[in-house]
**Q** 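Let me give you the structure first, and then I'll get to my questions.
Small disclaimer: the values here were computed from a predicted structure and weren't measured. In what follows, every heavy atom counts, from backbone to side chain, and hydrogens, waters and symmetry copies are set aside.
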Amino acid sequence: MNKKVGNYLLLECIGKGSFSKVYKSRNEKTNENYAVKMISLNYIADENLGNIEREAELMRKLDH
């Protein structure tokens with residue numbers, strides 16, 4: 001696949017759900033591996049956007 005998002009090179013899909021996919025990724029600057037979750041907002045109702053924002057905020061706080 002090797003699509004680039006910001007400083008991250010998406011290597012392979014490691015999981016998927018109804019509205020998102022999780023990719024094994026590598027930060028090109030630090031060479032560290034990460035998981036990147038990409039959510040398709042095209043299918044998300046406006047009333048659910050708050051849930052996605054809360055999930056993103058929780059993930060930012062984690063150091064794992």
**Q** Roughly how far, to the nearest 0.5 Å, is the CG atom of L11 from the NZ atom of K24?
**A**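 Reported to 0.5 Å precision, the distance equals 6.5 Å.
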**Q** At what distance, to the nearest 0.5 angstrom, does NZ of K4 lie from CG of L9?
**A**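 Separation between the atoms: 8.0 Å.
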**Q** Under 4.0 Å between a side-chain nitrogen and a carboxylate oxygen: does that hold for R60 and E57?
**A**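 Counted as a salt bridge, because a side-chain N and a carboxylate O are separated by less than 4.0 Å.
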**Q** Pair M59, L62 - check side-chain contact (heavy atoms from CB on, under 4.5 Å), show working.
**A** CA-CA 5 Å; M59 291 296 134; L62 292 176; 3.9 Å; yes
**Q** Out of curiosity, K21 NZ to C13 SG, how far, rounded to the nearest 0.5 Å?
**A**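 K21 NZ to C13 SG: 5.5 Å, rounded to 0.5 Å.
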**Q** Quick one, K16 with V22, criterion side-chain contact (heavy atoms from CB on, under 4.5 Å). Give me CA distance, side-chain angles, the key distance, then yes/no.
**A** CA-CA 6 Å; K16 62 182 177 177; V22 178; over 6 Å; no
**Q** Hey, what do you get for CE (M38) to OG (S25), rounding to the nearest 0.5 Å?
**A**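 Rounded to the nearest 0.5 Å, the CE-OG separation comes out at 9.0 Å.
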**Q** Take Y34 and N27 through the side-chain contact (heavy atoms from CB on, under 4.5 Å) test and state the conclusion after the steps.
**A** CA-CA 7 Å; Y34 291 90; N27 184 308; 3.9 Å; yes
**Q** Would you say L41 and I52 make side-chain contact, with heavy atoms under 4.5 Å?
**A**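 A side-chain contact exists here, since the closest heavy-atom pair is under 4.5 Å.
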**Q** Do L10 and V36 come within less than 4.5 Å of each other through their side chains, counting heavy atoms only?
**A**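 The answer is yes; the side chains approach within 4.5 Å.
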**Q** Is there side-chain contact between I44 and F19, with at least one heavy-atom pair below 4.5 Å?
**A**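 I44 vs F19: side chains touch.
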